[in-house]
Each structure stands twice: as C-alpha cells, then as structure tokens.
Colleague: 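Can you read through this structure? Questions will come right after.
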Amino acid sequence: MDPRFRVELIAATPNPQLCVYAGMHQDYSEGFVAADRADWPDERKAGEICVKRLLAGERGHYGPLEHAQIVLNVGWFPHSVMQQARTHRVGVSFDVQCLAGDTEITFLQAGGSLRKIKIAELHDLWTNGERAIRHRQIGDRQGEAPGTYRHDCRKRLQKMRLRVLNEDTNVFETSHLTDVICSGLQPVYRLTMEDGRTLDCTANHRLLTPDGWQTMGDALSLRVHRDGSVRSFRRTAQVLANGNVAVGSGSYRDRHWLQQQVDAGATPGEMAERAGCSITTIRDWARRHQIRLAESNRRFQAGNKPWNHNPSALYRQQQWLQQRLEDGLNADEMAELAGCSVEAIKKWVYHFGLTLNRRPFGFQAGMRPWNKARSGYRLQLSEASREAWRAHGRRITRRGSASHFWKGGTSSERVLIGAWTRQIAPQVHQRFDHTCQRCGLRGSAQQLHAHHLVPVYADPSLGYEIENLVKLCQPCHAFIHKHHQEADFAAAFRLLKPSHTWPEMPRPRGRRLMAHPLTVARVEFLGSRMTYDLEVANPWHNFVANGIVVHNSMRYTGDRIRRAANGELELEEVFYLRPVGPYSDRQGKKYLYDEGQRGIDLELCRVAAERYRDLLDAGYAEEHARGILPFDYRQHFVVSFTLRAFLHFLDLRAKLDAQQEIRELCDLMWPHLQQWVPQFADWYEKSRLHRARLAP
C-alpha cells in the first residue's frame, strides 16, 4: 500500500446502531417510539438486535440503515479512485474546501456599487440558468415544451466582476468566474468574527491569515470531538477581511498596525504623521479597536506644586492680610498690591478665618456716567499695547493652517480656477464668435464651454490666463477630456507651454479597499450542510465570501503542480505511480511493471508538470493547461456515506478483483466502520466482506 494514502474521520452520527434500531422499531410499531426511550437497549445490544432482525434475517426492508451517516476525508489517492467513487450512490466532494449555501459572494457592478449573491443561488444560475420573467405558451424552436423555462446565463455570469484580493499590494481588484461547483454534504463550522460577521465553511477550506494561506482548522488550531462538535480553538486566531478604504497609507484603520505602534511607544502625533492623517483620526480608530494610546497625563497629580507656587508671597501672610483689611481695603485693591488674582486673596483670607471688606458699589446715585454724550467706542491703546495685544492673540488662538479645524481653505485652487473660468467665459465666447473650435458648431452660451489649452494639472499658473482659453461645445469638451486628447487638440494652437513639457496626468485616488485582520471570536459546529465552491480566473485565486478573503477551489491541480515542476516537491507527492511488481487484470492478462518502465513514467510526469507550469505562466486557463497532465495526479476529497451506502460501496470495491487502489481505499475505510458500528461490522466481515455480494 502507498504510504501516503490516508483516510481520516471528519464526523459521524453518534450512537449509529441505536439510531438504526429506533428507525427499525418505529417502522414496525404503532406507538411513538421516543416515548419509550427509557426502555431502549444500549448501543451494543441495539446493534445485535438490528443484525439479527434486519440484516441476518434478510427481511428486505433496509430503510433504517439510511439514518446513520459518516463523513471521511480521503487524501493522496489517484484521481481515478475519486472518479470511481463518484459513480456510486454516495455523497462526494471533489475538493477539500467548501462553503455553505447561504454564503454571500461579492461582485462589483459597473456603477461602483456592490452586488452580493448567495453561492447556492449562484450555482443554480450557473447550472440551470435564470428563470424567464413570463410563461411560454408555445414550444420553442428547439423543441422545448410550453411552460416556465430558464435561460442559459453562464456567459453573463463569467463577465461579472468578482472581487478578489491582489496579494502583492493587499488591495482589492476584480476577476472573473470560471466554474461554480457543488461539493455535496459536508460538516460545516460557523466562524463568528469580532465585528459580528460570520462565515460558514468546512474545516479544510483555506483562509487568508496574517501568516499566509491556511486551512480553517490549521489557522484556528481547531480540535473537535468525535461527533464533530468543537472542543477548542485558538482565541487569538485572525483572518483577513475587506472593508477598509485605502486612503493614503490607510494604516490607521488597521488594528494590528495601531497596536504595533503603541507597543513601540509611539505617541498619537507620531502615529498620525506616519499614517498621513490627523491625531483625531488616530484617537478615533484607537477607540474603535479599544486600544489604549500612550499619551502623557496632563492632569495635576497629588503632591506636585503649581508652576507659580511662591511660599513667601504677601497674600500667604496672615499678618499682612489682617493689616490690609483693617485699613479698609477690598479684595480688588489687595490683589493689586500683592500682584495676584482676586481669587488668591479670597482663598487665603478664608483660610485664616478672616472676613473681606465689601466693595463699594460701582455706580452711586447722582454720579455722571463716564461715557455720557459720547458716540461710539474705541480702544485707547498705544501702538506698543496694540502690538502686544495682537501677539497675545496669535499665541493663544491658532488661525489659518495652524488651526485644529483647518481643512485647506474654503475652496481648493482648482475650484477657484473653475469659478474664474466661468466668470470670464462670456469674453472667450465673444472672442471666438460663439463658435466651437473643434466641430465649428455656433451656439448659445449654454452650449459652449471655455477650455484650457494647457491643462490646469500641467501648469496651474496658466489657469488664470485668458490667452490659454479656447471655445468648445459641450460634447466636444467632454469627448476631449474623456479620451485624454488634450495634447492632440492643443497642437493646432499657439501654446503658452509646449505639450511635451506637460507632466503626466494625475490619476484619481478612488475608493479602493485593502484587507485587514479580524480576530475569530467564536466557532460553532452546524452539522452536515450542502456546500459549494468557486474557481476563479488568473492571476489571483481567491474571492470575498461574507466579507472574508477565502481561497478558490482550483480543484484538480493547484499550486503543488508548479512546485513539483520547480523541484520544491517530490514528483510522487503530486503524481501516483503503482509500485514495481507483477500484475494481472480480470481478463487474465499478466505483465511485469519494472523499475525501467516506472522511471520512464516518472519522467513523463515531470515533463507534464513543467509543461503545465509553462502554460500557466503564458496566461493559459487552468482548465486548459491541466488537459496535458497524467490522469492519476494525487487528489484529496471528502466522501459521505449513509450506513447502507457504505456497505454497498464495500461490496462493489472491496472485492478481491477490484482495482488495486480502490481496494486499498476500502482497507483504510474498514477500521472506521469497525469503530463506528462494531456489531454491524462483525456481521458484515463474516457474511459479505470480499464476497462481491451486493449489499441491500
């Protein structure tokens, strides 16, 4: 047996023999059998009863065997084994990674908005087409019957722009579908992220993590019980998701980056400078991610002394304060003598238990107001006082670009140039006799625009030059800018700046998204669900599912063929060749497969792998390139059986004259059946194993 062949249990119905017993008991009972649960036998006894009354008795009613199910992961077997297994009535998945049917796949529409389609609906459209919006009354030209019908929409789905991640730049781009695959019933787990989003996938589906591509089980260090329920997982595990706008560096939105900066001792100001944003933005995103910033504590600490502390100040001396109060001075006059504030005088007067003298009222009856018969107000300041007042204002009030509220002015320079151009446009209309200088159309001011011959981006200083303006109609003006024909059109005019000296036109920044890590908060086992997967065109083999970056299927080949061609993997890690030795077939033909023949076949595998790699590098699609590969490249797949289907499969493929590789698959599956249903396995081994009788 090939040492690489593996069969591992993923999930199985607990107490399967008792489950079959309950189904059998209900088939022959008038009562509700669950009500008699206390009288049911244990698992071993239930198995013995089922064997005696259902299997050994050959009663012909084997439906109860359908209730128990088992799911196995098969690895490193040749592709031909998977093709044989899929022909029987078992559920087979053709890839290790699958998503649940309600997973939403993200597409980008022409207008920039998003469209999300559930992967089960996508598979239905891909396989069966879209439903017509009306009922057909007569048959069509291809002989289809009247009624509700469906249109083939596969080509339209292939043209839709699927969101994928550029793994070099960490920025999301678009690609296209090449296939939508139904992978059958498989055990599915739900991952709940820290922000609440969820993803339902198998343990073998590959997710993008900060450490690269990993299966979900490996990324989370997932441990499960025999029935598939979650035993434990790594609480700090992270996967990459989309949703962060890549403005500037965009780093301030990344929780991992913020935490790194804080751990390195960076202040919010330093972080803002590195990320190209404001300090307020850093504080906002730190608060969202619940990260404590390393800011200095500006509050007054107990035990510290104020900057203006003076133990020998006059207002601190009880005798001085008492003498001034006896002289009849009020708090204002005392503060002026002591050179301090009125509040300081009050504080120390109360501290020594003294009483302040009342201030005289400011305006007494019979007094004349100082501003009577005067009109207007003005400050009587000397030039030195006025300059000191201005300097004080500049010091305590940040104006212009120094202000925290500065946004670059009320209008950008480009907006101001546009406003000036619209004001000066009537003069330009008159100068060119209201005639478009491209198509010759003569029209009103509403149909004509003023166009800069030397674009504003090329030289903003020429934006206010009327000699740089020319008259165009609205369609011609839009056409020139849309097709970037500014230089070609300007060549017919006398330019203030030659076109060959113009800088490259700046590209709009747009609203591109970049991936960022999310921590997995919870993992739940959902049981067996129908699962699906996608194949995505080159060069990025991933897509966005429920906002999480996941790997696409690449179901038959994958990157391992490339690695084998480059010498990074052994060829026999990727391709299967039978061991050296004598062989015979069912027709009695005998032959010897020696070292020489095996060496020739191995060399052919190497050449095929190199050719496959070269075709992919040349831009060929995987489904085209893999046509040159040997049929028996190694394949992993997931297979699910009911108990009845399992026995049927063993009858067909465990017999002694079956293909060697699929017999070895049965040999590796057999211990799992023995452990799962021991009484059933004992009966089957004695009565049917290797005897080629078809199971019921």
Side-chain angles (χ1 to χ4, degrees), residues 95 97-131 133 150-183 197 199-201 205-208 213 239-247 250 253 482-484 507-516 518 532-555 558-559 616 618-625:
D95 195 76
Q97 49 188 39
C98 303
L99 301 170
D102 57 356
T103 303
E104 292 184 333
I105 309 302
T106 302
F107 293 87
L108 189 65
Q109 301 192 112
S113 60
L114 299 181
R115 181 183 179 186
K116 297 182 178 180
I117 306 177
K118 292 183 178 180
I119 195 169
E121 297 175 5
L122 190 63
H123 178 264
D124 182 54
L125 291 171
W126 183 270
T127 306
N128 304 315
E130 60 182 346
R131 297 184 183 276
I133 60 175
R150 306 187 75 160
H151 294 294
D152 182 13
C153 60
R154 183 170 295 189
K155 290 184 178 179
R156 181 165 60 82
L157 292 175
Q158 287 177 326
K159 293 179 180 180
M160 292 175 62
R161 297 192 295 166
L162 177 71
R163 173 170 284 176
V164 300
L165 178 68
N166 184 324
E167 297 173 32
D168 290 339
T169 63
N170 199 38
V171 173
F172 286 95
E173 299 177 354
T174 58
S175 185
H176 302 280
L177 293 173
T178 60
D179 200 1
V180 183
I181 308 140
C182 178
S183 304
R197 72 181 76 183
L199 177 68
D200 298 347
C201 66
H205 201 100
R206 283 187 287 173
L207 309 178
L208 187 56
W213 289 107
V239 297
L240 292 191
N242 74 334
N244 279 352
V245 179
V247 178
R253 298 171 178 263
K482 182 177 180 180
H483 295 86
H484 308 296
R507 300 295 179 187
R509 182 173 59 187
R511 290 184 59 81
R512 298 179 301 164
L513 297 180
M514 68 177 187
H516 68 287
L518 283 179
Y532 305 85
D533 205 357
L534 305 181
E535 282 193 64
V536 181
N538 283 330
W540 307 114
H541 296 286
N542 61 69
F543 58 96
V544 177
N546 284 4
I548 308 299
V549 182
V550 302
H551 205 280
N552 77 166
S553 169
M554 295 186 66
R555 52 180 174 167
D559 190 57
L616 289 188
Y620 283 66
E622 283 89 352
E623 59 268 22
H624 185 175

Colleague: Would you indicate whether Arg115, at its atom CZ, is surrounded by more than 12 heavy atoms from other residues, nucleotides or ligands within a distance under 6.0 Å?
Modeller: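 Atom CZ in Arg115 is not crowded, with 12 or fewer foreign heavy atoms closer than 6.0 Å.
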
Colleague: Assess, by modelled atom type and distance only, whether the side chains of Asn166 and Glu173 contain a donor and an acceptor separated by less than 3.5 Å.
Modeller: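 Present: a donor and an acceptor within the cut-off.
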
Colleague: Go through the steps to decide whether Leu165 and Leu208 satisfy the test side-chain contact (heavy atoms from CB on, under 4.5 Å), and finish with yes or no.
Modeller: CA-CA 10 Å; Leu165 178 68; Leu208 187 56; 3.4 Å; yes

Colleague: Please report the interatomic distance CD(Gln158) to SG(Cys153), rounded to the nearest 0.5 Å.
Modeller: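 With rounding to 0.5 Å, CD (Gln158) is 10.0 Å from SG (Cys153).
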
Colleague: Is there a side-chain contact between Lys118 and Tyr532, using heavy atoms and a 4.5 Å cut-off?
Modeller: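 A side-chain contact under 4.5 Å is absent here.
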
Colleague: Do Glu130 and Arg156 touch side chain to side chain, with heavy atoms closer than 4.5 Å?
Modeller: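 Answer yes - side chains close enough.
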
Colleague: Provide the closest heavy-atom pair for Ala537 versus Ser175 in the form atom of the first, atom of the second, distance.
Modeller: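 Ala537 and Ser175 have their closest heavy atoms at O-OG, 3.4 Å.
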
Colleague: Main chain of Leu162, side chain of His176: is a donor-acceptor contact present, judged purely on distance under 3.5 Å?
Modeller: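 No: the side chain of His176 does not pair with the backbone of Leu162.
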
Colleague: Going from CG on Asp152 to CG on Asn128, what distance comes out if it is rounded to the nearest 0.5 angstrom?
Modeller: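 Answer rounded to 0.5 Å: 10.0 Å.
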
Colleague: Would you say the side chain of Thr106 lies within less than 4.5 Å of the side chain of Lys116, judging by non-hydrogen atoms?
Modeller: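 Side chain of Lys116 against side chain of Thr106, heavy atoms only: contact under 4.5 Å found.
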
Colleague: Please work out which of the three classes, parallel, tilted or perpendicular, describes the rings of His551 and Trp213, given edges at 30° and 60°.
Modeller: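 The rings of Trp213 and His551 stand perpendicular, inter-plane angle above 60°.
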
Colleague: Can you name the closest pair of heavy atoms from Leu114 and Gln109 and give their distance?
Modeller: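 Looks like O-NE2, 4.0 Å.
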
Colleague: Counting distance only, does the side-chain N/O of Asn542 pair as donor-acceptor with the main-chain N or O of Val549 below 3.5 Å?
Modeller: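 Checked: no pair found.
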
Colleague: Could you check whether any side-chain heavy atom of Asp533 comes within less than 4.5 Å of a side-chain heavy atom of His205, counting everything from C-beta outward?
Modeller: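 They are in side-chain contact.
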
Colleague: When rounded to the nearest 0.5 angstrom, what is the spacing between CG in Asp179 and NE2 in His123?
Modeller: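 Nearest 0.5 Å value for the CG-NE2 distance: 8.0 Å.
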
Colleague: Does the side chain of Phe107 reach to within under 4.5 Å of the side chain of Leu122, using non-hydrogen atoms?
Modeller: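 Side-chain contact under 4.5 Å: yes.
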
Colleague: Would you say the side chain of Leu207 lies within less than 4.5 Å of the side chain of Leu199, judging by non-hydrogen atoms?
Modeller: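 SC-SC contact between Leu199 and Leu207 confirmed.
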
Colleague: With the side chain counted from C-beta on, respond yes when Val550 and Phe543 share a heavy-atom pair under 4.5 Å apart, and no when they do not.
Modeller: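 They are in side-chain contact.
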
Colleague: Looking only at heavy atoms, what is the nearest atom pair of Thr103 and Asp200, with distance?
Modeller: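 Closest approach of Thr103 to Asp200, heavy atoms only: OG1-O, 3.7 Å.
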
Colleague: Can you list the steps and then say if Val164 with His541 is a side-chain contact (heavy atoms from CB on, under 4.5 Å)?
Modeller: CA-CA 8 Å; Val164 300; His541 296 286; over 6 Å; no

Colleague: To the closest 0.5 Å, what do you measure between CG (Leu518) and CZ (Arg197)?
Modeller: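 Answer for the CG-CZ pair, Leu518 versus Arg197, is 5.0 Å.
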
Colleague: With a 4.5 Å limit on heavy-atom distance, are the side chains of Ile119 and Glu104 in contact?
Modeller: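 No. Closest side-chain heavy atoms not under 4.5 Å.
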
Colleague: Closest approach of Val536 and Thr178, non-hydrogen atoms and distance?
Modeller: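 Closest pair (atom of Val536, atom of Thr178, distance): N-OG1, 3.9 Å.
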
